[in-house]
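In what follows, a single structure is set out as structure tokens and then discussed.
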Amino acid sequence: MDLFRRNILCRIVGLIVGGIFIYAGVIKVIDPVAFARDIDNYHMLPWALSVRLAFYLPWLEVFCGLAVVCGLFYRGGLLILNALISIFIVASVIAKVRGLDITCGCFGHASKNWSFSTHLTLDLALLAASVFLWFSERSRSPTSPASGALALQGSHGAEEKL
């Protein structure tokens, strides 16, 4: 895949991943008490910590989603989103193994009737997309040989024009 198409693909995937997290975060910001109940349904944390997380995590999702969409603090946003997705997947699997029937409120009322396998599939797809973005961005960083060669070619052309 040539560089232009790869950049377009990365941009589209970044907009989708960032947009999903912005949407999910805003839904939870609107009703933090319901989100605190959703966290408490996992029976892994005390209620007081669930409430604190319910007020903090949605904003973290929104800001990290904006970082991915806007490209500002891009790698930091991706790193945090990867951690959040991974923690959520582990918590969901543990809850399922413990026999808890948890309806995730991640996407508001639209996701209340989804099955566990649907949630898990979406979460794994988000994780895969986010990991893809992490490694594709890393391959375009200035320290990689390919981008260094491109930078040298670009600067060489500029010198010739002078």
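On a predicted model such as this, the values are computed, not experimentally measured, just so you know.
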Which atom of R75 lies closest to which atom of W134, heavy atoms considered: NH2-CZ2, 3.0 Å
Side-chain donor-acceptor contact under 3.5 Å, T121 with T118: no
Path from L57 to I30 over hydrophobic side-chain contacts below 4.5 Å: no
Rounded distance [0.5 Å steps], CG in L126 versus CZ in F88: 10.5 Å
Heavy-atom donor-acceptor pair, R11 side chain to V69 backbone, under 3.5 Å: yes
In one Ile/Leu/Val/Met/Phe/Trp/Tyr side-chain cluster, 4.5 Å: L79, Y74: yes
Greater than 12 external heavy atoms within 6.0 Å of W47's CH2: yes
Path from Y23 to W59 over hydrophobic side-chain contacts below 4.5 Å: no
Joint hydrophobic cluster, V29 plus F63, side-chain heavy atoms closer than 4.5 Å: yes
Spatial distance of atom CG (L9) from atom OG (S136) [nearest 0.5 Å]: 8.0 Å
L81 CG to L60 CG distance, which is reported to the nearest 0.5 Å: 7.5 Å
S86 OG to D123 CG distance, which is reported to the nearest 0.5 Å: 10.0 Å
Inter-residue atom distance I20.CD1 - L15.CG, 0.5 Å rounding: 11.0 Å
Nearest atoms (heavy-atom pairs only) where S130 meets V17: N-CG2, 4.5 Å
For the student: nearest non-hydrogen atoms of F35 and L53, plus distance: CE2-O, 4.1 Å
Intermediate values then yes/no, side chain to side chain contact (heavy atoms under 4.5 Å, CB included), L49 and I39: CA-CA 9 Å; L49 186 56; I39 294 171; over 6 Å; no
Exceeds 12 heavy-atom contacts within 6.0 angstrom, atom CZ of F116: yes
Sidechain-backbone polar pair: R98 side chain, Y42 backbone, donor-acceptor under 3.5 Å: yes
Same cluster (ILVMFWY, side-chain, under 4.5 Å), F132 and V68: yes
Check against side chain to side chain contact (heavy atoms under 4.5 Å, CB included), H43 and L100: CA-CA 9 Å; H43 302 294; L100 299 174; 3.7 Å; yes
Gap separating the CD1 atom of I94 from the CE atom of M44, nearest 0.5 angstrom: 4.5 Å
Shortest non-hydrogen separation from V93 to L120 and the atoms involved: CG2-CD1, 4.3 Å
For the student: nearest non-hydrogen atoms of G77 and A67, plus distance: CA-CB, 4.3 Å
Exam field: side chain N82 to backbone L78, donor-acceptor pair closer than 3.5 Å: yes
Minimum-distance pair of heavy atoms, taken over all atoms of P32 and F55: CG-CE2, 3.5 Å
